[in-house]
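Written below as structure tokens is the structure these notes are about.
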Amino acid sequence: MYSDKVMDHFQHPRNVGVIENADGVGTVGNPVCGDVMKMYLKIDNDVIVDIKFKTFGCASAIATSSMATEMIKGKTVDEALELTNKAVAEALDGLPPVKMHCSILAEEAVKSAIEDYKNKQK
Ligand code: FES
């Protein structure tokens with residue numbers, strides 16, 4: 001059912017944890033299943049220098065969060081905002097169609113954490 005890349009990121013998720021004094025924190029819930037994800041960003045000069053996440057979710061949610069963090073680390077916040085759940089799923093060699101909703105959690109957590117960062121800048 002899952003690609004090798006999904007299994008790898010599920011079993012060895014990258015960037016799991018918490019960042020103390022993060023510059024942006026986003027918490028989102030998936031209305032379909034009730035799973036929750038929290039994302040922490042450390043940002044320097046609009047560049048994401050560190051990123052961590054915690055997910056109370058399924059294998060797909062964990063794998064997509066892990067891949068999403070890898071994809072936006074080192075990017076500017078504006079570049080990171082362009083990340084789509086579809087791009088994350090493609091980077092994982094696809095997700096089963098019934099699990100696509102899980103990948104939305106990662107995209108929304110990134111956006112929510114960046115929004116928090118931007119609000120703090122004001
Ligand atoms: Fe909830 Fe996948 S089943 S995020």
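Owing to the predicted nature of the structure, the values given are computational and were not obtained by experimental measurement. Worth knowing before you read on, the calculation uses all heavy atoms, side chains too, and leaves out hydrogens, waters and symmetry mates. Start at 1 with the first residue, then count along the sequence. Counting starts at 1 for both ligands and their atoms, in listed order.
Within ligand 1, the atoms closer than 4.0 Å to a non-hydrogen atom of Cys33 are 1 (Fe), 3 (S), 4 (S), numbered from 1 in the order shown. Of all the atoms in ligand 1, the ones that sit under 4.0 Å from a non-hydrogen atom of Lys99 are 2 (Fe), 3 (S). Close approach of ligand 1 to Ala61 is summarised as follows: ligand atoms under 4.0 Å from at least one heavy atom of the residue are 4 (S).
The existence of a salt bridge linking Lys111 and Glu115 is excluded, since no basic side-chain nitrogen approaches an acidic carboxylate oxygen closer than 4.0 Å.
Put simply, NE2 on His12 and OG on Ser66 are 10.5 Å apart, with the number rounded to the nearest 0.5 Å. Within the model, atoms NE2 of His9 and CG of Asn15 stand 10.0 Å from one another, a figure rounded to the nearest 0.5 Å. Between the CD1 atom in Ile72 and the CD1 atom in Ile48 there is a gap of 4.0 Å [rounded to 0.5 Å].
Residue Lys73 qualifies as enclosed at atom NZ: its count of foreign heavy atoms under 6.0 Å is above 12. In Lys86, the NZ atom is not crowded: 12 or fewer heavy atoms of neighbouring residues, nucleotides or ligands sit closer than 6.0 Å.
Closest to atom 4 (S) of ligand 1 among all protein heavy atoms lies Asp35 OD2, 3.2 Å.
Of all the heavy atoms of Cys102, the ones lying under 4.0 Å from any atom of ligand 1 are found in both the backbone and the side chain.
The residue from Ala63, Cys58, Ser65 that puts a heavy atom closest to atom 3 (S) of ligand 1 is Cys58.
Atom 2 (Fe) of ligand 1 does not have His101 among its coordinating residues (no N/O/S atom, backbone or side chain, under 2.8 Å).
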